[in-house]
Amino acid sequence: MAKNKRQGRSAPETVVEQVDGGVAELRPDRDRPRGWTLLIDGAPQSQVDLDDPTYLAFEYQRRIGHVIDLAAPPKQPLHVVHLGGGAFTLARYVAATRPRATQQIIEIDGPLVQLVRRELPLDPQARIRVRSTDARAGLAKIPDGWADLVVADVFSGTRTPAHLTSTEFLAEVRRTLKPGGWYTANLADGPPLAYLRGQIATAAEVFPELALAAEPTVLRGKRFGNAVLVAAGTPLPVAELTRRVAGDGYAGRVESGRGLLDFAGGARPVTDAGAQASPAPPRAVFG
């Protein structure tokens, strides 16, 4: 049953509704008049400013924002597939920075899609199609070589589902990409970083060019956190990505080439047969 606590547009209050993935909350941002944070079962998922869709509050989203910016010259329209929708934060960013982009969002949680569409409507001028289906099933319907960029930010609760962690999944991603297209993914892990190392090894089986951006303490296995993987069939602009990641307000580091393969530490690629969901974060991560 839906529970809506808002008491008028002049003073927005939290919206609470049951969705397939749990209890969804849309909390207004006290510092931004039309800013909202989406939480599922208390875990922050997305943050949106309807007045400024270029505003990216979460550090991993800012790093994916850098990838979006570097994927092509400024303003050049792209074909983008988003696996996982949340509050459509990254699709809104693409639409604002590349106004003629054509985008597809694949989000399995239909009630969540309805909630976000109703409470945080998309710009009607944006060329964004939203489909409520499983990420891998939806990806299978994307034509060969259609996408300039595939963005994966898929979580069931706080874990990425197992079937989205394998070489078979990444082979399907690469099938949808243009020859110069990129794949970027939000990966979450903590010490001893076995999942993250395995995902690097898995990506290296499918893509010859890789880079990984994260906060240094995450890369050192000191705490649980997010890392952004970028993969491509052609060389990546690693130097420029490194500069942007280091200077965006969240002191991040980029690993690539031999250093990234050394970081993987001999981890074996993941296949469908042995795939497991990403690890759950410690309770302390979300307070």
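Only this structure's heavy atoms are used, side chains among them; waters, hydrogens and symmetry mates stay out.
- Thr102 OG1 to Arg127 CZ: the interatomic distance, rounded to the nearest 0.5 Å, is 3.5 Å.
- In this structure, the side chain of Asp109 engages the main chain of Asp20 through a donor-acceptor pair within 3.5 Å.
- Residues Leu219 and Glu215 have side chains not in contact (no heavy-atom distance under 4.5 Å, counting atoms from C-beta outward).
- Side-chain contact annotation: Arg131 with Gln104, donor-acceptor N/O pair under 3.5 Å present.
- Interatomic distance, Glu107 CD to Ile105 CD1, rounded to the nearest 0.5 Å: 9.0 Å.
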Practice task
Please test Asp69 against Arg244 for side chain to side chain contact (heavy atoms under 4.5 Å, CB included), starting from the C-alpha separation and ending with a verdict.
Solution key: CA-CA 10 Å; Asp69 292 344; Arg244 296 189 185 205; 3.5 Å; yes

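- The aromatic rings of Trp146 and His79 sit parallel to each other, their planes meeting at less than 30°, with 60° as the upper class boundary.
- Rounding to the nearest 0.5 Å gives a distance of 11.0 Å between OG1 of Thr176 and CZ of Arg174.
- A donor-acceptor contact shorter than 3.5 Å is absent between the side chain of Gln45 and the backbone of Gly86.
- Residues Leu193 and Leu260 fall within the same hydrophobic cluster, defined by Ile, Leu, Val, Met, Phe, Trp and Tyr side chains chained together at heavy-atom separations under 4.5 Å.
- The hydrophobic cluster around Val94 extends to Leu56, Phe58, Tyr60, Ile64, Val67, Ile68, Leu70, Leu78, Val80, Leu90, Tyr93, Leu149, Val151, Trp182, Val228, Val230, Leu236, Val238, Leu241, Val245, Val254, counting ILVMFWY residues whose side-chain heavy atoms fall within less than 4.5 Å of a member.
- Between the Asp189 side chain and the Leu196 main chain, a donor and an acceptor come within less than 3.5 Å of each other.
- Look at Glu168 and Arg136 and you find no salt bridge, because none of the NZ, NE, NH1 or NH2 atoms lies under 4.0 Å from a carboxylate O.
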Practice task
Could you walk me through whether Gln61 and Ser46 pass side chain to side chain contact (heavy atoms under 4.5 Å, CB included), step by step?
Solution key: CA-CA 9 Å; Gln61 290 182 331; Ser46 302; 4.3 Å; yes

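- Residues Ile142 and Val154 share a hydrophobic cluster, clusters being chains of Ile/Leu/Val/Met/Phe/Trp/Tyr side chains in contact below 4.5 Å.
- Glu59 and Asn226 form no side-chain donor-acceptor contact under 3.5 Å, judged by distance and modelled atom types alone.
- Hydrophobic cluster membership differs between Val206 and Leu261, with clusters built from Ile, Leu, Val, Met, Phe, Trp and Tyr side chains linked at under 4.5 angstrom.
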Exercise for the section: Decide side chain to side chain contact (heavy atoms under 4.5 Å, CB included) for Thr133 and Ile106; before the verdict, give the C-alpha distance in whole Å, the side-chain angles of both, and the deciding distance to 0.1 Å. Expected result: CA-CA 6 Å; Thr133 189; Ile106 302 172; 3.7 Å; yes

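- Counting only distance, with no hydrogens or angles, the side chain of Arg34 and the backbone of Asp49 share no donor-acceptor pair below 3.5 Å.
- Closest approach of Ala162 and Gln276 over heavy atoms only: CB-C, 3.4 Å.
- When atom types are taken as modelled, the side chain of Gln199 and the backbone of Ala203 share no donor-acceptor pair closer than 3.5 angstrom.
- Both Leu212 and Leu170 belong to a single network of hydrophobic side chains, linked directly or stepwise wherever heavy atoms of I, L, V, M, F, W or Y lie under 4.5 Å apart.
- Remark: Phe88 CZ to Leu122 CG distance equals 5.5 Å, nearest 0.5 Å.
- In this structure, Arg197 CZ and Leu187 CG are separated by 13.5 Å, a value rounded to the nearest 0.5 Å.
- Nearest heavy-atom pair across Pro121 and Leu50 is O-CD2, 4.4 Å.
- In this structure, Gln103 and His82 have side chains that are in contact, with non-hydrogen atoms separated by less than 4.5 Å.
- For residues 245-255, the salt bridge (Lys or Arg N to Asp or Glu O under 4.0 Å) pairs, not counting sequence neighbours, are Arg253-Glu255.
- Taking CG from Leu112 and CG from Leu38, the interatomic distance works out to 5.5 Å, rounded to the nearest 0.5 Å.
- At least one donor-acceptor pair closer than 3.5 Å links the side chain of Ser166 to the backbone N or O of Phe169.
- At least one side-chain heavy atom of Ser278 sits less than 4.5 Å from a side-chain heavy atom of Arg159.
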Problem - Derivation and outcome, side chain to side chain contact (heavy atoms under 4.5 Å, CB included), residues Val150 and Thr184 - result: CA-CA 6 Å; Val150 174; Thr184 186; over 6 Å; no

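- Using modelled atom types, one finds a donor on one side chain and an acceptor on the other under 3.5 Å when comparing Thr217 with Arg223.
- Between the Arg92 side chain and the Ala87 main chain, a donor and an acceptor come within less than 3.5 Å of each other.
- The 12-atom threshold is exceeded at CD of Glu172, counting heavy atoms of other residues, nucleotides or ligands nearer than 6.0 Å.
- Listed here is the closest heavy atom pair of Arg175 and Leu139: NH2-O, 3.1 Å.
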